Amino acid sequence: MRDIPIPYQIACVILTALFIWSFSVAREPRGWRRLFQSMFSKSETFSVNKNKIIDEALKRYGIVIAMAILVVDVSCFVLGVTHKSRTKLRRFTPEQLEDIQEINKYNNGRKPGGDSL
């Protein structure tokens, strides 16, 4: 964890918490809808059909939102893990990067079982 910068770690923790919360809302929308309605709605505006539609929409969109958050979370984690090597590559000039690629091509051709001439 020392190689991953702190901003990436914080972002991963926050995104993981958001993913877990949104997934739990999508799995059990009725409880979350009731909690929200008890806080912000008047009791005379309840409708069974309206509540069913809200529950179905929460389930459908909640899963999509949870999966989008998960993709962003995994992307953030991968960016954090590769941060050190990405910053190391930025120090090279384009000519140096080209030389490194040529050396890698040469070394890959010389491996046992490789397609060498």
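Worth saying up front: this structure is predicted, and the values here are computed from it rather than measured.
Going from atom OG of Ser22 over to atom CE of Met67 covers 7.5 Å, rounded to the nearest 0.5 Å. How far CG of Leu70 is from CD1 of Ile65: 13.5 Å, rounded to the nearest 0.5 Å. Atoms CG and CD, on Asp55 and Glu28 in that order, are 10.0 Å from each other to the nearest 0.5 Å.
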Verdict with supporting geometry, Val72 and Phe19, side chain to side chain contact (heavy atoms under 4.5 Å, CB included): CA-CA 10 Å; Val72 173; Phe19 166 73; over 6 Å; no
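Across Gly62 and Ala26, no two heavy atoms sit closer than the pair C-CB, 3.6 Å. Minimum interatomic distance between Val25 and Trp32 (heavy atoms only, all atoms of both residues): CA-CD1, 3.5 Å. Closest approach of Tyr8 and Gly80 over heavy atoms only: CG-CA, 3.6 Å.
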I'd like a table of donor-acceptor pairs (distance under 3.5 Å, sequence neighbours excluded) in which one partner is a side-chain atom from residues 96-105, with atom names and distances.
unit_1, atom_1, unit_2, atom_2, d
Gln96, OE1, Thr93, N, 2.9
Asn104, ND2, Ile100, O, 3.4

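Between Leu15 and Cys76, the closest side-chain pair of non-hydrogen atoms falls below 4.5 Å. For the pair Val81 and Asp3, the minimum side-chain heavy-atom distance is 4.5 Å or more. The shortest side-chain heavy-atom distance between Ile6 and Gln9 falls under the 4.5 Å cut-off. Looking at Asn51 and Arg33, their side chains come closer than 4.5 Å, going by heavy atoms from C-beta outward. Ile63 is listed as a side-chain neighbour of Phe23, based on a closest heavy-atom distance under 4.5 Å.
Checked options Val64, Leu18, Ile20, Val74; the residue passing with Ile69 is Leu18 (criterion: side-chain contact (heavy atoms from CB on, under 4.5 Å)).
Pairs engaging residues 56-76 under the side-chain hydrogen bond (donor to acceptor under 3.5 Å, both in side chains) rule: Thr16-Asp73 [sequence neighbours left out].
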